[in-house]
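Here the structure is laid out as structure tokens; the discussion comes afterwards.
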Amino acid sequence: MNIERNRDTSREDAGEGRADAATETFVAHRNLLFTVAYEMLGSAADAEDVLQETWLRWAGVDLAAVRDRRAYLVRITTRQSLSRLRTLGRRKESYVGSWLPEPLLTTPDVAEDVELADSVSMAMLLVLETLTPTERAVFVLREVFDLGHGEIAEAVGKTPAAVRQIAHRARAHVAARRPRGVVSPAETREALDAFRRAVETGDLQGLLGILAPDVVLVGDGGGLKQAIPRPVVGAGKVARLMIGGLGRVPGVARLRPAEVNGHPGLFLQLDGEIDTVVAVRVDDGLITGLYAVRNPEKLSRIDRATALRR
């Protein structure tokens, strides 16, 4: 009986050891996996759901048979994200007004990694929205996380040759639509400071001076908060809307600088509470894109910083 009891104890210890190893590996790569899911989905809430599904599948894997645990976890996350992305596509079809990615308050190290910051910027996430689900997965895994074609092929269920073709097509598609060049945080911050001063003081000419002639303002209220129903194009229209709109806001309104998706952005606070998150796109020193998210379901985690990794 003692021998059987010892065997049972050994099996329990081995099982606990495998569980500990699985947990340690998952925790070590969690920020990476969240970043993969977020870049594929543009939604932190859905990325968290994908991580839950990834963990459930990972917990049942025989670790002894896994050669590269990081690659295996990325593969599970990618497959779950692809499945969720197709569901999101149907959800967006019935979305009220313009849809924008869920903004994140990011840690300073994200901005220091220029490629990572570029890949999670609001402008880039909107470009990624124009890709097919498979193109988006291939582009993110290849261009952001530098995975090999063979690894990506296993994740998306394609041959390496097919992945090469998809990667080439996606890269060309993104290159034609992405921001024209790398803009330093200092340049973006300078443009935002000028924007904030002009809006808060009602300086129409000052605002026109920092907005590009073809600037686009996109608002996302999700049907839960009032927002512009469709994009507004043109410096004159955007400037008058921004100054007039802020003047009609009830309560005490304040624009506060924040680090949004790896870049300088703004929080619009009403009576001390975050009402709107504003991300911007800057080209040649002028603001070419303003993305204002008011949907409260997309602002549920904006009060705490999110760590991203690649």
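Residues satisfying the side-chain hydrogen bond (donor to acceptor under 3.5 Å, both in side chains) criterion with R30, sequence neighbours excluded, are E48. A292 pairs by the side chain to side chain contact (heavy atoms under 4.5 Å, CB included) definition with T276, V278, not counting sequence neighbours. Judged as a side-chain hydrogen bond (donor to acceptor under 3.5 Å, both in side chains), and not counting sequence neighbours, the contacts of T25 are R69. With sequence neighbours excluded, the residues that form a side chain to side chain contact (heavy atoms under 4.5 Å, CB included) with T288 are R180, A212, R281, D283.
Listed by first and then second residue, the ring pair (Phe, Tyr, Trp, His ring centres under 6.0 Å) pairs that reach into residues 60-83 are W58-Y72, sequence neighbours excluded. Listed by first then second residue, pairs satisfying side chain to side chain donor-acceptor pair (under 3.5 Å) with a partner in residues 257-271 read Y38-N261, R254-Q269, not counting sequence neighbours. For residues 159-170, the side chain to side chain donor-acceptor pair (under 3.5 Å) pairs, not counting sequence neighbours, are E135-R169. Sorted by first then second residue, the salt bridge (Lys or Arg N to Asp or Glu O under 4.0 Å) pairs that include residues 144-155, not counting sequence neighbours, are R75-E154. For residues 222-240, the set of pairs meeting the side chain to side chain donor-acceptor pair (under 3.5 Å) definition, not counting sequence neighbours, comprises K225-D275.
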Side-chain donor-acceptor pairs under 3.5 Å in residues 189-202, sequence neighbours left out?
| residue | atom | partner | partner atom | Å |
| --- | --- | --- | --- | --- |
| E200 | OE2 | L255 | N | 3.3 |
| T201 | OG1 | R197 | O | 2.6 |

May I have the list of side-chain donor-acceptor pairs in residues 81-88 shorter than 3.5 Å, sequence neighbours left out?
| residue | atom | partner | partner atom | Å |
| --- | --- | --- | --- | --- |
| S81 | OG | T77 | O | 2.8 |
| R84 | NH1 | D46 | OD1 | 2.8 |
| R84 | NH1 | D49 | OD2 | 3.2 |
| R84 | NH2 | E53 | OE2 | 2.8 |
| T87 | OG1 | S83 | O | 3.4 |

Which atom pairs, donor and acceptor, lie under 3.5 Å between side-chain atoms of residues 215-223 and protein residues at least two apart or in another chain?
| residue | atom | partner | partner atom | Å |
| --- | --- | --- | --- | --- |
| D220 | OD1 | Y95 | OH | 2.5 |
| D220 | OD1 | G222 | N | 3.1 |
| D220 | OD2 | Y95 | OH | 3.2 |
| D220 | OD2 | L100 | N | 2.9 |
| D220 | OD2 | K298 | NZ | 2.6 |

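Note on L299 and L266: separate hydrophobic clusters, where clusters join Ile, Leu, Val, Met, Phe, Trp and Tyr whose side-chain heavy atoms are under 4.5 Å apart, directly or indirectly.
For the atom pair CG (L286) and CD (E187), the distance works out to 9.0 Å, reported to the nearest 0.5 Å. Taking OG1 of T107 as the reference point, atom CD of E112 lies at 8.5 Å (rounded to 0.5 Å). Annotation: the span from K158 atom NZ to T134 atom OG1 amounts to 5.5 Å, rounded to 0.5 Å. Going from atom OG of S98 over to atom CG of N295 covers 12.0 Å, rounded to the nearest 0.5 Å. With values rounded to the nearest 0.5 angstrom, S119 atom OG is found 6.5 Å from F145 atom CZ. Note: I166 CD1 to H173 NE2 = 14.0 Å, rounded to the nearest 0.5 Å.
Residues L147 and V74 are in side-chain contact: their nearest non-hydrogen atoms beyond the backbone lie under 4.5 Å apart. Taking the side chain as every heavy atom from C-beta outward, L211 and L290 approach each other to under 4.5 Å. Within the 4.5 Å cutoff, side-chain heavy atoms of R310 are placed close to those of E115. V50 places none of its side-chain heavy atoms less than 4.5 Å from the side chain of F34.
Residue V238 is tested with L208, V232, I228 for a side chain to side chain contact (heavy atoms under 4.5 Å, CB included); the sole match is V232.
No salt bridge links R309 with D113; every basic N to acidic carboxylate O contact stays at or beyond 4.0 Å.
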